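Source: prediction; values computed, not measured. All chains are named by letter (A, B, ...) in the order of the sequence lines, taking the proteins before the strands, and each is independently numbered beginning at 1.
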There are 2 protein chains.
Amino acid sequence: MTEIRQPTPRRGTNLPRMGDFNLTVILDAIRRTSGGLSRVELAQIVGLSPQTISNISRRLLDQHLIVEAGKEGTGPGKPRTILRLNPSGMYAIGVHLDPAVITFVVLDLVGDVVKHSRMATPAGSDPATVITTIADEIKILIQDSGVDPAKVAGLGVAVPGPIDLDEGSVVDPPLLQGWNRVRIREALAQATGMETLVDKDVTSAAVAETWAGGQSGTGSFIFMYMGTGIGCGIVLNDEVIRGTSGNAGEIGHIIVDPGGPQCDCGLRGCVKSSCIPVVVVAEAEAAGILDGNRNSTEGPDVQEYFARLCDAADAGDEKAIAILDRSAVLVGRAAAVVTNTLDVERVVFGGPFWGRMSKYFLQRVPGIIEENSAARRIHSIEVVGTGVGEDVGAIGAACLVLEHTLAPRAQRLLLEG
Amino acid sequence: MTEIRQPTPRRGTNLPRMGDFNLTVILDAIRRTSGGLSRVELAQIVGLSPQTISNISRRLLDQHLIVEAGKEGTGPGKPRTILRLNPSGMYAIGVHLDPAVITFVVLDLVGDVVKHSRMATPAGSDPATVITTIADEIKILIQDSGVDPAKVAGLGVAVPGPIDLDEGSVVDPPLLQGWNRVRIREALAQATGMETLVDKDVTSAAVAETWAGGQSGTGSFIFMYMGTGIGCGIVLNDEVIRGTSGNAGEIGHIIVDPGGPQCDCGLRGCVKSSCIPVVVVAEAEAAGILDGNRNSTEGPDVQEYFARLCDAADAGDEKAIAILDRSAVLVGRAAAVVTNTLDVERVVFGGPFWGRMSKYFLQRVPGIIEENSAARRIHSIEVVGTGVGEDVGAIGAACLVLEHTLAPRAQRLLLEG
DNA sequence: CTGCCGGATCTCGGTCACTGAATCCCCTAA
DNA sequence: TTAGGGGATTCAGTGACCGAGATCCGGCAG
């Protein structure tokens with residue numbers, strides 16, 4: 001279908017790369033410890049000598065990425081100087097282009113939202129117009145946020161898959177008509193003048209978790225993104241897995257309900273035909289829990305109806321509870337397939353639909369995953385809901401920039417070609 | 001179920017680590033180019049300066065890991081000196097502990113088998129006795145091979161999962177009775193005096209592919225291991241994925257046949273209940289292709305019956321062909337689930353049963369994977385059979401040692417705790 | 001046969017990140 | 001007030017990579 005990808009040869013590394021990498025390692029360690037860290041603690045954690053830590057801290061202080069935040073002394077000896085991230089040391093813009101709604105955020109260095117906005121996705125407009133609209137909104141957003149534009153490191157864009165990572169393009173996503181092979185990266189980079197990164201929404205969500213998710217964003221986990229569709233983001237040993245073309249995490253055709261409804265792939269009971277919100281809502285309608293007047297199968301509508309289903313369940317409607325419970329079981333099975341394949345230590349749930357369903361899912365999914373875990377004799381698998389709210393997509397998009405600039409990715413060490 | 005794994009903090013790197021890493025990078029580049037490489041070409045490929053390449057080449061020559069192998073000059077100028085791997089620069093021992101048979105190999109640096117042997121797995125013996133037997137056989141093997149023991153870098157052991165990588169133990173595999181939490185790594189290290197590594201057989205097979213598989217062992221791929229069970233090894237960007245506890249690649253409960261037979265997990269049509277060899281053989285018996293006198297469901301027997309089924313198919317028996325064809329479709333679906341989850345560029349098939357089935361699988365699987373690929377608009381997925389023969393398990397086990405010692409793993413750069 | 005030329009490789013000094021040892025600094029406790 | 005302990009910094013040292021230039025090794029024209 002496309003050109004053959006020649007294997008990227010493995011490259012060497014050199015002194016400057018090493019320096020940069022160690023800098024990001026230290027920043028990462030500071031970032032991941034809520035209370036901040038002293039220089040000695042850092043030396044302990046990252047394994048470098050105290051002198052090196054001192055030097056690197058100085059560089060970080062000079063760049064205003066960290067600040068000295070008080071002292072901490074118990075017992076004799078000079079008290080430790082605590083180093084903490086400087087929230088206003090850097091900012092990133094994130095845009096989530098969803099078929100229904102476009103979300104914008106300005107994120108600071110610690111991952112807090114400084115400013116945010118939304119607009120309905122213009123229906124029927126051609127991509128070029130939409131892109132211009134996005135670029136305009138970004139400019140306004142930066143202005144309104146009062147953030148120094150010089151401190152904005154770049155722009156991240158989360159889009160529904162499939163994508164082509166090399167091209168930075170969206171490749172004909174099911175719900176965005178006319179968006180076939182639109183090179184949104186180039187277009188937005190040009191329109192905004194910012195360095196721009198594009199990634200899939202589910203991958204972005206996983207990155208959001210690593211950056212703004214606290215303890216549950218460390219180590220190896222999958223992020224189950226509950227949106228209009230269901231996908232997963234993958235993080236192994238603190239590094240995001242993107243796949244050859246950036247399309248990792250497509251789990252829509254994992255079969256979870258052998259006796260379930262027919263799917264367009266010809267088989268029965270795939271995730272996308274048995275437990276995504278549209279289907280769940282339809283089931284609820286069929287069961288008479290919701291009135292059947294829904295006039296579209298698109299995002300906002302579905303989300304509203306889904307909320308009503310959850311309301312019914314919250315109010316004690318047995319049938320509603322059963323439907324949600326069953327969808328939790330099915331999604332749990334899909335997650336188990338992935339955890340068994342990758343042997344991760346945690347499953348994090350999130351996404352626009354997560355908030356309402358969390359109660360039912362958290363009751364059911366851990367058991368399903370535990371039962372089905374091939375490694376259950378060796379370690380348990382934690383199941384948690386994300387702390388990052390409904391805007392994970394956009395926040396993750398912004399985190400793409402932070403991750404690219406500041407995360408200690410092994411890739412950063414290697415020389416470029 | 002067990003202790004909580006605290007997140008490994010990300011560590012820094014330093015000068016010596018960098019040097020070692022670059023050395024492995026260069027060795028890797030040489031290893032992966034069949035004809036050898038000159039110093040200038042190396043500089044080009046790995047991105048280091050010619051001087052550095054010279055220095056590192058000298059170190060490699062001193063260690064006898066590479067040799068200068070002739071010159072190559074077209075046109076004017078000094079001809080290039082070709083650097084090639086020195087096969088006898090290092091050796092590794094590999095053992096594959098299979099429920100039916102134990103395989104031993106001595107491997108040289110280029111991944112060629114120098115010496116190999118096998119024995120039936122002693123049935124009913126306790127693990128300690130088996131381990132002693134293995135250690136003895138290893139000593140004999142090294143002696144017989146005539147290899148300088150000082151050049152043997154270590155011992156790799158491939159075992160059926162699940163395993164506990166931290167402990168280096170086998171955790172109650174279905175077909176090895178009495179092998180629950182047996183710390184085989186320690187035991188064999190002590191008995192042989194060699195540095196010992198333990199890993200799952202499917203992971204080892206994937207490592208074998210990266211080391212001895214040529215072009216198809218590069219980049220990102222999954223290795224579908226067709227043994228008594230079916231599992232997969234995962235390699236992303238030239239690095240093997242092991243998972244938190246070393247148990248990645250468990251795909252036995254992926255559902256591939258919604259209308260299929262009941263599985264012990266309560267659902268229908270899982271891989272392990274619908275397309276592993278035992279099941280296929282049983283189907284063939286039911287269809288009257290094989291006589292039903294099989295007296296065990298264990299390895300050697302199954303393999304023999306499976307071979308007969310293939311014979312029948314080769315001879316043109318339509319029913320036999322249909323059965324193999326169908327199993328190919330099912331396995332293909334499982335592979336597609338994994339390729340969609342990880343977005344890899346290649347699927348490599350192998351394992352003890354592969355040789356006989358390859359013809360039927362290679363006809364069917366590529367189409368199944370292509371059809372089901374979520375990224376088919378972006379890139380195609382190559383499907384190939386491994387060049388590494390029936391002994392992949394043992395060869396892979398030996399490759400674990402080579403990989404651990406000589407592969408440019410990012411992990412190598414990081415300081416230890 | 002000789003000198004010239006181009007390309008590969010090596011030699012030598014320079015740079016820079018990390019490290020070991022020693023020093024400076026700051027606070028607690030007697 | 002003083003001793004002492006631990007944190008952070010300074011200073012010189014190491015070693016890997018890099019730039020410039022020298023050296024080596026053929027082929028080719030004269």
* Asked: When the distance from NZ of A:Lys71 to C1' of D:dG6 is rounded to whole Å, what number comes out?
  -> 13 Å
* Would you call B:Arg346 and B:Gln215 a side-chain contact if the rule is heavy atoms closer than 4.5 Å? -> no
* Using chain A heavy atoms and a threshold of under 4.0 Å, write down where along DNA chain C the contacts begin and end, 5' to 3'. => C:dC16 to C:dT28
* Taking B:Leu85 as the fixed residue, which of B:Leu27, B:Thr33, B:Val67, B:Leu65 is the one that meets the side chain to side chain contact (heavy atoms under 4.5 Å, CB included) rule? -> B:Leu27
* Please identify each residue that fulfils salt bridge (charged side-chain N to carboxylate O under 4.0 Å, His left out) with B:Arg84, with sequence neighbours left out. => none
Filtered N/O pairs between nucleotides 9-16 of chain D and protein, under 3.5 Å:
{"residue": "D:dT9", "atom": "OP2", "partner": "A:Arg39", "partner atom": "NE", "Å": "3.1"}
{"residue": "D:dT9", "atom": "OP2", "partner": "A:Ser54", "partner atom": "OG", "Å": "2.1"}
{"residue": "D:dT10", "atom": "OP2", "partner": "A:Arg58", "partner atom": "NH2", "Å": "3.4"}

* **A:Leu60, A:Ile53, A:Asn55 screened by side chain to side chain contact (heavy atoms under 4.5 Å, CB included) with A:Ser57, the one that passes** => A:Ile53
* To the nearest Å, give me how far apart CD (A:Glu41) and C1' (D:dA8) are. => 14 Å
* **Exam field: side chain B:Arg242 to backbone A:Asp343, donor-acceptor pair closer than 3.5 Å** => no
* Taking only residues two or more places apart in sequence, or in another chain, which ones meet A:Arg17 in a salt bridge (charged side-chain N to carboxylate O under 4.0 Å, His left out)? -> A:Glu416
* Structure fact -> Sorted by chain and number, sequence neighbours left out, side-chain hydrogen bond (donor to acceptor under 3.5 Å, both in side chains) with B:Asn14 holds for none
* Structure fact -> Residue pair A:Ser38/A:Asn14 against DNA chain D: nearer the 5' end by closest nucleotide is A:Ser38
* To do: Just jot down the side-chain hydrogen bond (donor to acceptor under 3.5 Å, both in side chains) partners of A:Ser49, sequence neighbours excluded, or say none.
  => A:Gln51, A:Thr52
